[in-house]
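The sequence lines fix the lettering, A, B, ..., with proteins before strands; numbering per chain opens at 1.
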Amino acid sequence: MHKNTNISDLSISEAEAELKSLSSALNKANHAYHTADTPIVSDAEYDQLKQRNLSIETAFPELKRADSPSDQVGAPPADGFSKLRHARRMLSLGNAFTNEDVTEFDLRIRRYLGLGEQAALAYTAEPKIDGLSLSLRYEQGILIQAATRGDGQTGENVTENAYTIADIPKQLSNAPEILEVRGEVYMSHLDFTDLNSRQIVRGEKTFANPRNAAAGSLRQLNPDITRNRPLKFFAYAWGEMSAPLAATQSGAIHRLKELGFVINPLTQTHTTPQGLIDHYQEIERQRATLGYDIDGVVYKVDDLDLQARLGLRSTTPRWAIAHKFPAELAWTRLEGIDIQVGRTGALSPVARLQPVTVGGVVVSNATLHNEDYIAGLNATGGPIREGKDIRIGDWVQVYRAGDVIPKIADVALSKRAPDAKRFCYPTRCPECGSAALREESDAVRRCSGGIICPAQAIEKMKHFVSRSAFDIDGLGAKQAEQFYQDGWAREPSEIFTLRTRFSDGVQQLKNRDGWGGKSADKLFQAIEERRTIALGRFLFALGIRHVGEAASNLLAAHYGTWETLRQEIDQAGHLEGSAWDDLNAIDGIGAVMAKSLVTAFQQPLERASIDRLVAHLDIQAAERPQISDSPVAGKTLVFSGTLEKMSRAEAKARAEALGAKVAGSVSAKTDLLIAGPGAGSKAKKAADLGVETIDEDDWLTLIKAL
DNA sequence: TATCCTCGAGTTCC
DNA sequence: CTCGAGGATA
């Protein structure tokens with residue numbers, strides 16, 4: 001041990017070695033503390049080890065280990081939980097509401113895999129527990145981390161709290177060296193009513209439903225409180241693993257049970273969509289007597305190799321779906337309709353309701369979507385509620401779409417007052433009085449005031465500081481609005497001059513409500529840190545219509561630097577020429593996005609605002625992804641004919657993941673043609689052009705060689 | 001031109 | 001979470 005070496009005297013390799021031994025020592029100490037009741041080090045020694053680890057990490061930030069003890073057990077929850085990045089993303093599921101949706105799910109999978117309707121294909125079906133998902137990381141069989149789902153990429157570190165849940169094993173035997181087990185934390189109905197009566201006795205607030213109780217209990221900063229909350233856990237999935245658990249979903253679940261996890265007893269395997277639907281109905285019959293909340297049934301392709309082939313869409317896997325129970329409905333009275341103005345000027349109507357309980361939550365607002373929705377029309381002008389428009393004073397039926405967003409399902413015409421008037425949708429912006437116009441092809445009416453409109457300006461500022469944009473600690477939506485109202489920051493650039501414009505900016509901030517001296521200092525420090533920003537984030541933060549997070553990152557990757565991007569977009573300003581063509585040629589950028597971007601850069605007011613902002617920033621060039629160790633990286637491929645082992649869509653996704661570009665037709669730029677049976681004109685053209693042609697088996701060999 | 005998928009922009013409550 | 005629209009594709 002180098003315990004006494006001055007940190008400044010450590011060489012890099014010494015520091016690295018010590019971090020490693022500290023990590024191991026701290027993990028062992030944690031384990032002893034939490035599983036056996038015999039701590040192997042004193043609290044003081046433990047704190048010393050941790051402190052030493054932290055000091056070395058501070059001196060050598062580049063050496064900080066992925067499994068750093070600072071991020072794990074006992075991390076000081078100074079202000080909230082520390083964040084943990086999931087080794088593999090935690091996904092959400094697509095939804096099915098009808099039996100047809102389920103059979104369609106089955107057909108979609110068969111199509112994607114190139115399987116006929118008769119080919120054998122097994123699915124698992126299990127109840128969808130209404131709780132919160134949790135990811136547990138075991139190394140050498142020892143529970144070392146527990147993280148909530150968060151946004152799927154990054155969750156909250158609730159390890160200490162997970163230790164207090166009886167259903168969660170602290171130690172596994174015969175488990176893979178690294179194993180992440182995922183499942184649902186929930187509270188039973190009995191425990192929920194019990195907890196609420198105890199809360200009443202203690203004069204503390206009660207929870208609206210078991211789900212909220214479970215969430216509130218898991219997210220306690222003091223694990224001793226969590227310990228006294230009756231939380232339970234069902235395991236149903238996994239993340240990173242050093243070795244596979246089994247070859248099938250059902251096998252893996254079985255293995256989790258053997259490892260000591262609680263799995264749901266209603267988990268079954270079925271080979272037809274009808275089998276799944278029958279099991280769904282059986283679970284629905286048992287729903288009221290299960291003793292815990294469920295909101296549907298989850299179906300998963302059983303074969304894990306097939307799951308891997310099916311892969312993921314942007315946020316959901318193709319191989320699983322949640323068959324939801326019908327939403328709970330409630331009748332209430334519509335007291336009024338308010339109009340909100342969004343960042344792009346969109347006027348959106350919100351229903352003000354007489355408060356009513358729906359699905360365990362009191363709802364007093366609901367979205368009315370747009371003008372047509374109130375009139376009872378769908379996007380194509382057809383009726384959505386059969387001649388039932390919505391009027392103030394009406395009795396309306398409310399549900400929570402996806403158990404979250406309150407919406408209006410129906411109107412009781414029989415109870416409508418005879419003199420109830422149709423809602424008159426405003427044609428002027430209620431915030432700034434500018435004309436509110438609706439384009440022919442558009443479902444929304446928009447305020448034409450642009451940046452003149454305070455509502456739009458505030459929403460723009462909120463967007464600018466939002467999580468995917470500048471994400472400034474201590475400057476959220478609320479503060480952004482307050483700063484705007486006070487005239488402190490009315491456009492993004494002013495955030496970066498706050499401190500200098502007020503000679504005593506810190507002092508002024510400290511003097512106002514809700515701002516301690518510490519939080520003011522922290523805010524200014526956070527602003528300083530954000531002067532350096534990635535190009536993609538910067539572009540997204542500008543809030544240009546049609547240019548969202550994905551498009552911003554595409555543009556950043558294409559142009560590389562802000563300088564290049566600005567010059568090219570300026571040159572594309574005439575909507576023709578090589579810069580314009582280049583912009584439109586980016587995969588994922590079409591004419592509408594391109595025009596919106598170019599126009600935004602040309603608007604004098606908007607452009608000046610962008611230029612003022614840029615002057616305060618250091619915009620980082622985008623990294624270009626290099627997938628150099630793939631044989632098809634950077635090549636242009638074309639698929640033709642019938643592929644027998646995988647679908648076209650799957651082949652394309654695989655090729656793109658390896659860094660190839662997939663084109664639709666053969667040209668002189670084509671590097672490789674993959675031709676299945678029935679490849680006609682494309683194969684001939686390839687031969688004429690001398691393009692290399694291989695069959696599907698060659699292709700599989702080529703990509704499997706990795 | 002129709003169809004699929006993904007993205008953007010809107011939304012609630014705790 | 002959902003709707004509508006943009007973009008890619010057949």
Nucleotide B:dG10, atom P - distance to CZ of A:R446 in whole Å: 7 Å
Residue pair A:Y280, A:F325: steps toward the ring-ring contact (aromatic ring centres under 6.0 Å, His included) verdict: CA-CA 9 Å; A:Y280 168 91; A:F325 294 132; 5.2 Å; yes
Nucleotide nearest A:Q340 (side chain, heavy atoms from C-beta), chosen from B:dG8, B:dC14, B:dT11: B:dT11
Toward the 5' end of DNA chain B, by each residue's nearest nucleotide, A:R108 or A:V363: A:R108
Length of the line joining A:N370:CG and C:dA5:C1', which is rounded to integer Å: 13 Å
Residue A:S348, side-chain atoms from C-beta onward, closest of C:dG4, B:dA9, B:dT11: B:dT11
Sugar-phosphate only, base, or nothing, as touched by A:A215 at under 4.0 Å among non-hydrogen atoms: nothing
Interatomic distance, A:L597 CG vs B:dG8 C1' [rounded to whole Å]: 15 Å
Among C:dA5, B:dC14, B:dA9, the nucleotide that comes nearest once only the side chain of A:R545 is considered: B:dA9
Out of C:dC3, B:dA9, C:dG6, whichever nucleotide has its closest atom nearest the side chain of A:H369: C:dC3
Touch class at under 4.0 angstrom, heavy-atom based, for A:Y399 against every strand present: nothing
Sugar-phosphate, base or nothing in reach of A:A551, heavy atoms under 4.0 Å: sugar-phosphate
Gap between atoms CG and C1', on A:D372 and B:dG10 respectively (whole Å): 15 Å
Enclosure of A:R467 CZ (heavy-atom neighbours >12, cutoff 6.0 Å): no
A:Q456 versus A:R343, closest heavy-atom pair with distance: OE1-O, 3.6 Å
Atom-pair distance (CG on A:L132; P on B:dC14), nearest Å: 16 Å
Distance in angstrom units between A:N584 CG and C:dG7 C1', rounded: 11 Å
Nearest-nucleotide pick for A:N365, side chain only, options being C:dT2, B:dG8, B:dT12: B:dT12
N or O in side chain of A:K407 less than 4.0 angstrom from C:dC3 OP1/OP2: yes
Listed nucleotide nearest any side-chain atom of A:P406, set B:dG10, B:dT12, C:dG6: B:dT12
Listed nucleotide nearest any side-chain atom of A:T344, set B:dG10, C:dT2, C:dG6: B:dG10
Minimum-distance nucleotide (side-chain atoms of A:I405 versus C:dT2, C:dG6, B:dT11): B:dT11
Proximal nucleotide (of B:dT6, B:dC14, C:dT2) relative to the A:N95 side chain: C:dT2
Touch class at under 4.0 angstrom, heavy-atom based, for A:V444 against every strand present: nothing
Integer-rounded Å distance: B:dG10 P and A:H463 NE2: 10 Å
A:R400 side-chain N/O to B:dC13 phosphate OP1/OP2 under 4.0 Å: no
Nucleotide of C:dG7, C:dC1, B:dC13 approaching A:S364 most closely (side-chain heavy atoms): B:dC13
Aromatic plane relationship, A:Y373 with A:H369 - under 30° parallel, 30 to 60° tilted, over 60° perpendicular: tilted
Neighbour count above 12 (heavy atom, 6.0 Å) for A:E204 CD: yes
Separation of B:dG8 P from A:R343 CZ (nearest whole Å): 10 Å
A:F105 ring center within less than 6.0 Å of A:H323 ring center: no
